[in-house]
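Note that the numbering runs from 1 along the sequence shown for the chain.
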Amino acid sequence: MGGENQTWVSEFILQGLSRDWETQVSLFVLFLAMYLVTVLGNTLIILLIRLDSRLHTPMYFFLSVLSLVDICYTNSTVPQMLVHFLSSRKSIPFHSCVFQLYISLAMGSTEFFLLGAMAYDRYVAVFHPLHYTVIMHGGLCLGLAAGCLAAGLSNSLMQTIIIFQLPLCRNVINHFACEMLAVLRLTCVDISFNKVMVAISGFLVIMLPCFLVLFSYVHIVATILHIRSTQGRRKAFGTCASHLTVVSMCFGTAIFTYMRPVGGSSAEQEKMVALFYAVVTPMLNPLIYSLRNKDVIGALGRVVGKFNEKR
């Protein structure tokens, strides 16, 4: 079977998170609530930034792109997971599995690059406040966002093609989605080359943006500490705190999962970590940015006020 072309596989079976019916129903309710919060929260962020002219700045432009990426990322896996919680047979067609892996990997990669671009934006805001709008002009912001998306799509396309050209010994995936490392475990050939590609991809997609973020914030913090005004230091830290919180969650879980050798962690550990960055992080992003950002709260108040006036 190992010598046959793997394209004959018509579907994959996902083992999911649990086989107990009551547990699955409970998980369905929990993750449905989290999914709704994620979609509604990120959609609200996009609408507020679109409707309030005071939020038409580079920082909020990148935040709206991040929210859009989170919506796409969540929709690539969670709806299917919710359906499978209430299904006796947790199957996914072959081509749907390929598409799911491609989209989720592309959106995840794009988010890492985007967080790096957002760190650069904060760096310019702190070090060149007088020239901030000149440096971070609309063309540059659009170019950075497009570059992040192009890099994410390219990385995902390369990984997806390489993975699904491998012959498979099984079609049962020990995961709740078609995740890269889980699919690699189905192969019946040596995957040393794939391990190298995962490591290279992890360095380029995860570690390089992470180093950029660390470089930016080391200099930002050093500069903020030299600000004499306590209020000035508090305001400067406040503009960066939300981004740092999101960065810590995203990069921390990704490094734990992908920057260790394939087989270095158990499938159960990978499922739990994958749940965090596929479900929890996209849900927390709008909450973190909203609750810690007076501009967003103010924009929400103005939009609600205008809506009430029209009524």
Side-chain angles (χ1 to χ4, degrees), residues 14 31 34-43 45-46 49 61-82 92 95-119 142 144-164 175-183 197-198 201-202 204-210 213 243 246-259 270-271 273-289:
L14 298 171
F31 287 117
M34 296 174 71
Y35 172 70
L36 293 176
V37 171
T38 299
V39 175
L40 293 176
N42 283 288
T43 301
I45 292 290
I46 295 173
I49 294 173
F61 167 76
F62 287 121
L63 177 56
S64 65
V65 177
L66 178 65
S67 294
L68 181 60
V69 169
D70 279 339
I71 291 174
C72 295
Y73 189 23
T74 299
N75 281 326
S76 69
T77 56
V78 177
Q80 173 214 268
M81 182 172 65
L82 292 173
I92 178 172
H95 292 95
S96 296
C97 184
V98 174
F99 184 72
Q100 182 183 77
L101 189 148
Y102 173 71
I103 294 298
S104 61
L105 189 57
M107 293 301 101
S109 301
T110 299
E111 181 156 340
F112 294 129
F113 290 123
L114 191 59
L115 290 173
M118 294 173 72
L142 285 173
L144 287 174
C148 292
L149 179 60
L153 292 173
S154 300
N155 172 70
S156 180
L157 179 63
M158 177 191 67
Q159 292 288 353
T160 303
I161 291 175
I162 292 175
I163 290 173
F164 283 100
H175 211 280
F176 60 84
C178 291
E179 194 269 342
M180 180 170 62
L181 299 182
V183 175
M197 293 305 297
V198 169
S201 175
L204 295 176
V205 175
I206 302 173
M207 298 310 298
L208 281 185
C210 185
V213 171
H243 184 234
V246 173
V247 163
S248 300
M249 293 190 302
C250 291
F251 284 108
T253 53
I255 290 172
F256 177 85
T257 303
Y258 292 106
M259 296 313 296
E270 289 174 8
K271 281 196 283 188
V273 175
L275 270 178
F276 186 83
Y277 64 72
V279 181
V280 180
T281 300
M283 180 190 69
L284 292 180
N285 282 355
L287 297 177
I288 291 171
Y289 280 111

Listed partners of Val37 passing side-chain contact (heavy atoms from CB on, under 4.5 Å), at least two apart: Met283
State the NE2-OG1 distance between His175 and Thr77, to the nearest 0.5 angstrom. 9.5 Å
If you look only at pairs with a residue in residues 106-115, which of them pass as a side-chain hydrogen bond (donor to acceptor under 3.5 Å, both in side chains), with sequence neighbours excluded? Ser109-Asn155
May I ask you to test the Thr38-Val78 pair for a side-chain heavy-atom distance under 4.5 Å? no
Shortest non-hydrogen contact between Pro282 and Thr74, atoms and distance: CB-OG1, 3.4 Å
Any residue meeting side-chain hydrogen bond (donor to acceptor under 3.5 Å, both in side chains) with Tyr277, in chain and number order, not counting sequence neighbours: Tyr258
Report the C-alpha separation of Tyr73 and Thr281 in whole Å, then their side-chain angles, then the decisive distance to 0.1 Å, and conclude whether the side-chain contact (heavy atoms from CB on, under 4.5 Å) test is met. CA-CA 11 Å; Tyr73 189 23; Thr281 300; over 6 Å; no
Worked verdict on Leu287 versus Leu284 for side-chain contact (heavy atoms from CB on, under 4.5 Å): CA-CA 5 Å; Leu287 297 177; Leu284 292 180; 4.3 Å; yes
Distance, nearest 0.5 Å, that separates NZ of Lys271 from CG of Leu181: 13.5 Å
Just by modelled atom types, is the Phe61 backbone N or O under 3.5 Å from a matching donor or acceptor in the Ser64 side chain? yes
ring-ring contact (aromatic ring centres under 6.0 Å, His included) with Phe113: which residues, sequence neighbours excluded? none
Mind checking the CD1-CE spacing from Ile92 to Met81? Nearest 0.5 Å is all I need. 12.5 Å
Least distance between heavy atoms, Asp70 atom then Asn285 atom: OD2-ND2, 2.5 Å
Applying side-chain contact (heavy atoms from CB on, under 4.5 Å), name anything that partners Leu40, two or more places apart in sequence or on another chain. none
Report, one line per pair, each donor and acceptor closer than 3.5 Å where one atom sits in a side chain of residues 95-106; sequence neighbours left out.
| from | atom 1 | to | atom 2 | distance (Å) |
| --- | --- | --- | --- | --- |
| Gln100 | OE1 | Cys178 | N | 2.7 |
| Gln100 | NE2 | Ser76 | O | 3.1 |
| Gln100 | NE2 | Gln80 | OE1 | 3.0 |
| Ser104 | OG | Gln100 | O | 2.9 |
| Ser104 | OG | Leu101 | O | 3.2 |

Short side-chain to backbone donor-acceptor contact, Thr160 and Ser156, under 3.5 Å: yes
Spacing of Leu114 atom CG and Phe62 atom CZ [to the nearest 0.5 Å]: 7.0 Å
Heavy-atom closest pair, residues Phe251 and Ile206: CE2-O, 3.2 Å
Working to the nearest 0.5 angstrom, can you tell me the gap between Ile161 CD1 and Leu157 CG? 4.0 Å
CG on Leu204 to OG on Ser154, rounded to 0.5 Å: 12.0 Å
For Tyr35, ring-ring contact (aromatic ring centres under 6.0 Å, His included) partners two or more places apart: none
Tell me, please, which residues at least two apart from Ser67 pass side-chain hydrogen bond (donor to acceptor under 3.5 Å, both in side chains). Asn42
